[in-house]
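Heads up: the structure comes next, in structure tokens.
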Amino acid sequence: MKISDTLSGKKTDFKPIGKVVTMYVCGVTPYDDSHLGHAMSAIIFDVVRRYLRFRGYQVKVVQNITDVDDKIINRANRLGVTAAEIAGKYAQSYKEEMEALNVSPVDINPKATEEIPTMLEVIKGLIAKGFAYAANGSVYYRVKNKTDYGKLSRRKFDTMMVGASVEPGEEKEDPLDFVLWKAAKPGEPSWESPWGKGRPGWHIECSAMSTKYLGEQIDIHGGGTDLVFPHHENEIAQTESYTGKVPFVKYWMHNGALQLGAEKMSKSLGNLVTIRDFLTKHTPDSFRIFVLGSYYRSPLTYTEEAVAAAQSGADRLVRVVNKEVAAGKKKALEPKPYYDRFIEAMDDDFNTPQAIAALFDLARDINRAEEEGMNAGKARETLKELGGILGLTFEGKAEATIDIEPLKKLASAINQKAKTAGVSAGAVADDIETIMASLISMRKELRKAKQFNLADEIRDGLSAIGIALEDTAQGTVWKRK
RNA sequence: GGCGACGUGGCCAAGUGGUUAAGGCGGGGGUCUGCAAAACCCCUAUUCGGCGGUCCGAAUCCGCCCGUCGCCUCCA
């Protein structure tokens, strides 16, 4: 299989360094509800690890939680709680949202605050090698000593000088230098260090954690394209100068940003849809179909129309997978060609749009085959299996709760009319199943007697309550709309 | 200003040198049905932002132009 790498800009054969594929994915800074941009990234790298495992690789995945940061502290101060409380709360809801989105859990999920000693080790090592220096209780990375700095984001020193922020009273040797350790300020969480109390800079945690849990060189590093500079550039600088091993990462995978309207969906811009809100209106599968329907490196624009289209498509797959059909007598539908197409697509740098196309073709051909009396059992299993690699659950919409009162009211109204119509009326029970069974059997009688007006009244009445009736060859079935 | 992408049917979106330009959604027609729903069938881009060029041959390569976006500050 082939994977694109941001650093080389090329798509090359995937050859892991060791037996176990090592993968590091940047996690979130939990200071607020997560949005669909986070969900998109999580889903893409979920699919990467699901597919690698499917292809027989052992995969070890680490994802950090940046639980100490300016934004967490600011928010905590505003609300009068501790930073740890804010971080804990949102880290927990992120975890729950990932579960709801069917993102498979990572193997190791370290928190920055629990890895301070690891980070201090790395920082000390960098100072010892001349790649970092302490100043006024802070420690900075010395960019000019890393001659290939800028290689990931393709930036050159002199052009970067222009944009680099130089704050007043700056103790940096060079404006490009970035902070590894921040001297403590009053009212902020801090830890002891050889340079006094302080807290870690943002980038250092990823270097520390990936080195500690995955080794000095790793196979895959993932994250959003917005992390390329400065975050990943700085990670490379820190890690490579600390370990002396190049390259730090063999395959840099970056997913395109999720746009909302004309801009990137982001917390700081305030234009976002939270995962929570999305899931009240749509299924997890619909977001998968939406995200995976486009190439992971390209930006994707969120629109209600596009999401509704994805939802319709997802619903169709759910119906096909869950349809109960008596096994056909004629020959079986052979799923191999679809399976092969799926693999071929996924092997080509995770071409999920093509992979999904294969699934939709398979779904259509399952329906067609069963219509012709063929056995599509094996094909249906394949659809389920391949969909599972993409993390599809094949679960329908969250069951809309149906009010029993209007249903009872409808049932008794229909019972009255049934008597006049000379059809045996059912009892108005207290549970939905019984009432539905009764209504369906009444409607059956009515249709047999060609009393279509009243039969349709049942169907229309149910429809108004949110229940759909379908007359299939196996009889009438009902479902929540 | 620097760096990097992108522009394909009504909408979303694959394809990146050569048989009929995937797939989804939507729309139109049909089959089934008492009527529906679901499902299936058929139709819906001679054309890939514009203009030049390379080539036997380009949506795919090159140049210019127009338009959109991301990064350059925290960000998945």
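Below, chain A is the first sequence line, B the second, and so on; all start at residue 1.
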Distance, [atom1] atom - from [M] to [N], rounded to whole angstrom:
N	M	atom1	result
B/rC3	B/rG9	C1'	34 Å
B/rC62	B/rU16	P	15 Å
B/rG1	B/rU54	P	31 Å
B/rG30	B/rC35	P	14 Å
B/rU60	B/rC6	P	13 Å
B/rC42	B/rA22	P	14 Å
B/rC61	B/rG15	P	12 Å
B/rU46	B/rU8	C1'	14 Å

What's [X] touching, base or sugar-phosphate or nothing? Going by heavy atoms closer than 4.0 Å.
X	result
A/Q259	sugar-phosphate
A/S266	base
A/N255	base
A/R443	base
A/L258	base

Here's a test of your reading of the structure: between A/H232 and A/A455, which maps to the more 5' nucleotide of RNA chain B? A/A455
Assuming nearest nucleotide by heavy-atom distance, tell me which of A/V28 and A/R447 is located more 5' along RNA chain B.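 By nearest-heavy-atom nucleotide position, the 5'-most residue is A/R447.
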Ignoring the backbone of A/P230, work out which of B/rU73, B/rA76, B/rG2 is nearest its side chain.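 Of the options given, the side chain of A/P230 lies nearest B/rU73.
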Side chain of A/E470 only, please: which of B/rA76, B/rA38, B/rC74 is the nearest? B/rA38
Is the ring pair [X]/[Y] parallel, tilted or perpendicular, if the boundaries are 30 and 60 degrees?
X	Y	result
A/Y51	A/F350	perpendicular
A/H203	A/H231	tilted
A/Y251	A/F14	tilted

Verify whether one side chain among [X] and [Y] offers a donor that lies under 3.5 Å from an acceptor in the other.
X	Y	result
A/N367	A/K323	yes
A/Y94	A/D33	no
A/E470	A/T476	no
A/E395	A/T283	no

Base [N] paired with [X] side chain (donor-acceptor, <3.5 Å):
X	N	answer
A/R459	B/rC35	yes
A/N351	B/rG15	no
A/R154	B/rG4	no
A/D226	B/rC72	no

Would you say the ring centers of [X] and [Y] fall short of 6.0 Å from each other?
X	Y	result
A/H254	A/H232	yes
A/F287	A/F278	yes
A/Y90	A/Y31	no

Measure from [atom1] on [X] to [atom2] on [N] and round the result to the nearest Å.
X	N	atom1	atom2	value
A/K264	B/rA76	NZ	P	8 Å
A/Y295	B/rG7	OH	P	13 Å
A/N234	B/rC74	CG	P	9 Å
A/D349	B/rA14	CG	P	12 Å
A/Y302	B/rA13	OH	P	14 Å
A/E263	B/rC69	CD	C1'	11 Å
A/L462	B/rA37	CG	C1'	13 Å
A/L317	B/rA38	CG	P	15 Å

Check for me whether A/R447 meets the cation-pi criterion with A/F452, that is, NZ or CZ under 6.0 Å from the six-membered ring centre and within 45 degrees of the ring axis.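 No.
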Output yes when at least one side-chain N/O atom of A/R319 is less than 4.0 Å from OP1 or OP2 of B/rA39, else no. yes
Using Watson-Crick and G-U wobble pairs whose two distances are both under 3.5 Å, how do you write the pairing of RNA chain B as dot-bracket, with | for links to another strand? ((((((((.[[[..)..(....]]]((((((.......))))))....[[[[[..)....]]]]])))))))....
Indicate yes or no: does A/K336 engage A/D340 in a salt bridge with an N to O separation below 4.0 Å.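 Yes, A/K336 and A/D340 are salt-bridged.
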Could you list the protein-to-nucleotides 23-26 of chain B atom pairs, N/O on both sides, closer than 3.5 Å?
unit_1 : atom_1 : unit_2 : atom_2 : d
B/rC25 : OP1    : A/R316 : NH1    : 3.1
B/rC25 : OP2    : A/R316 : NH1    : 3.1

